[in-house]
A.B. asks: 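Okay, handing you the structure first.
Note that the structure is a prediction, hence the values are computed from the model and not measured. Below, chain A is the first sequence line, B the second, and so on; all start at residue 1.
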Amino acid sequence: MKLSKYFLPTLREAPQDADNVSVKLMFRAGMIRKLASGIYEWLPLGLRVLQKIENIVRDELNRVDGQEVRLPVIQPKELWMETGRWQVYGKELLRITDRKDSEFCFAPTAEEVITNMVRRDVSSWRQLPLLLYQFGLKFRDEIRPRFGVMRSREFLMKDGYSFHATEEDAQKWYGILYGAYERIFTRCGLTFKPVEADSGPIGGDQSHEFMVIADTGEAEIALCECGYAANTEKAEVSEAPARTADPSKLNAMADVATPGLYTVEDVAKFLKMNKKQFIKTLFFLADGQPVMALVRGDHELNENKLRRFLGVKDLEKAPQHIYEAIAGCPAGFAGPVSIKTRYVAGKDTLPLTKVIADNALKNVFNGVSGANKNDTHTTGINLGRDYTPDAFADIHVAAESDLCPKCANPLVFKRGIEVGQTFKLGTKYSKSLKCNILDEHQKEVPMVMGCYGIGVTRTVAAAIEQGHDDWGIIWPPAIAPFEFSLVSIESEDQAVLDASAQVYAAIQTAGMDALWDERNERPGVKFKDADLIGLPWRIVVSSKTLKDGECEFKRRASKDAARWKLAEVPARLKELKAEIK
RNA sequence: CGGGGCGUGGCUCAGCUGGUAGAGCGCUCGCUUCGGGUGCGAGAGAUCGUGGGUUCAAAUCCCACCGCCCCGACCA
């Protein structure tokens, strides 16, 4: 492609609202433009990267017998009512109404549609397993889109779904897809880590997220040298070794006035105590029943863990009036001491059913918590003597100083960008949508499903987060929009032009692509643009090199340039081609 | 949804103690220059987010709305 004819509007400055490195560079390099909040246009250069990634994904999925389909982006309400997600999905689901007042949504994902399609035309175990996938625009009406295409509302996702006759087969295929995902992201040239994940509202019992390691990532992951890796939303922790307290050092309980101090932070500062001494008291409604959850002051409660431990479907933070009804005070002053006898029956409240404490509280002595009295906290609280939870469990978000659940060594924390996720769905959707087969015993059973997503647009941003310097992008060759920047220095010099054309043709012959900068621009402009766009390899043809019958070769990632004899170009290109897997 | 900020050529921004719009970059033309955003000259390009109000006069002051961004909450 000749650059003079390519629609590539590069910018010297990034738009003001670009809020991270990758989106700034994508704007500047003429890959994307913004149409509205969280909605982007993809220009030719950007699209080429998307297509490169698509092709790698397609290749690896076809290799494991995946079959590509194309599913509607506008989906009828009725299907979403069948699974109950029309209600569950909330405002993130963009709903639209047609001229006949029929309701639809813009696809945020496609479990309903694909399951509907499969139930219609698959009825025998002999037709399974089946792996179907598509590339499709998805829309999720995020409250706050940010970081460019990393968290946009409209995005390109590869969503794949597998259907199985048995649980064993689904499990086997989960492993197959996991392997395919590892190959995909490896081929894309990314440094990534698959981590255990919570399956969230999509459902299912096993899930991994594929995280591109980057400090700017939104997700936090817990890692251990033993190989354990999990999203901190999911990460379990080993219980710290129990300590015993010297009975003579246990204080008596005492109330202290803490007017207007609701947070652990404030009270700790006020009492000049460490947050670890605090017993954070939270109320939840678990399937409508109030429960009390206790975590150490420096910890965050993990709602997923609590929900799983309680074995309930629905868990929500209790509203203020529940605190008032049970503890008799606002949220900031509730505490565990004699809480069960404090319950004050209200018209629309329920008795406290359970008190669950995090394991870490076993090692808190002379703790501080709310006094169940407005503007008051209690000090000197001790487990067993002053309060007794119904159960202990691991219910806090894994954090610094926590221990690995597998080997009990300290966990290490890193940030990552989630570029893909795999789920073992089980029968969640096949049951609600009655996607059944007759098995080999002539019994009607729901199919067992798996689902596998890759955020293609997000992967582009992740690659840039991982590959850039002060001058611009540095593409991994496999997903670069073009392999080469071909720069002709004196673009009106016929000899330079002829030699450039010769190199250009050689690149094409080698099965690769070059962006040929033959504009009538000064060398500086061309080099700056080339660095910005970040194609992995650069070949410069100028009268200077030409008089030795040479051109110049330079990798974007390296400072050093080499000279190539024009005659050896085809052979060199062959070597480079081999670097792309 | 709560708090804060911003909307002025394609991009970055100035003008905002009211008097009818400026710069740099980019773009066009000419000359110049030719290995890291060359220099000079000439030009094109703006309903100053929208609507209303105050005023002889509004980009500037007031009100409403819309859009965008940041922090938080929410969600995953």
A.B. asks: Can you build the contact string for nucleotides 26-37 of chain B? Use B for base contact, S for sugar-phosphate-only contact, and - for no protein heavy atom under 4.0 Å.
C.D. replies: S------BSBBB
A.B. asks: If you measure from the C1' atom in B:rG9 to the same atom in B:rG45, how many Å do you get, rounded?
C.D. replies: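 It works out to 6 Å between them.
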A.B. asks: Specify the separation, in whole Å, of atom CD1 of A:I143 and atom P of B:rC1.
C.D. replies: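 Interatomic distance, CD1 of A:I143 to P of B:rC1: 10 Å.
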A.B. asks: Provide the distance between the two C1' atoms, one in B:rU28 and one in B:rA44, to the nearest whole Å.
C.D. replies: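 My reading of the C1' atoms in B:rU28 and B:rA44 gives 7 Å.
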A.B. asks: Measure the acute angle between the ring planes of A:H208 and A:Y174, then classify it against the limits of 30° and 60° as parallel, tilted or perpendicular.
C.D. replies: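 If you compare the ring of A:H208 with that of A:Y174, the planes turn out tilted.
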A.B. asks: Considering only the C1' atoms, how many Å lie between B:rG10 and B:rG72, rounded to the nearest integer?
C.D. replies: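 Straight-line distance between the two C1' atoms is 34 Å.
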A.B. asks: In whole angstrom, give the distance that lies between atom CZ of A:R153 and atom C1' of B:rC68.
C.D. replies: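 Checked: the CZ to C1' distance equals 11 Å.
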A.B. asks: Using a cutoff of under 3.5 Å, can you pull out all pairs of nitrogen or oxygen atoms linking the protein to nucleotides 12-15 of chain B, with atom names and distances?
C.D. replies:
unit_1	atom_1	unit_2	atom_2	d
B:rU12	OP1	A:Q16	N	2.6
B:rU12	O2'	A:E13	OE2	3.2

A.B. asks: Taking side-chain contact (heavy atoms from CB on, under 4.5 Å) as the test, write out the residues that go with A:K91, two or more places apart.
C.D. replies: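 In terms of side-chain contact (heavy atoms from CB on, under 4.5 Å), with neighbours along the sequence ignored, A:K91 is linked to no residue.
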A.B. asks: Measure from CD on A:E92 to P on B:rC1 and round the result to the nearest Å.
C.D. replies: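 From A:E92 CD to B:rC1 P: 16 Å.
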A.B. asks: Nearest whole angstrom, please: distance from the P of B:rC69 to the NZ of A:K24.
C.D. replies: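 One finds 14 Å between P of B:rC69 and NZ of A:K24, rounded.
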A.B. asks: What's the gap between B:rU60 and B:rG49 when it is taken at their C1' atoms, as a whole Å value?
C.D. replies: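 Rounded to whole Å, the distance is 15 Å.
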A.B. asks: Starting at CZ of A:R151 and ending at P of B:rC69, how long is that distance when rounded to a whole Å?
C.D. replies: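 Interatomic distance, CZ of A:R151 to P of B:rC69: 14 Å.
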A.B. asks: Sticking with atom P, work out how far B:rC13 lies from B:rC56, rounded to a whole angstrom.
C.D. replies: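 The answer is 37 Å between these two P atoms.
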A.B. asks: Quickly work out the A:R144 CZ to B:rG5 P distance and round it to whole Å.
C.D. replies: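 From A:R144 CZ to B:rG5 P: 16 Å.
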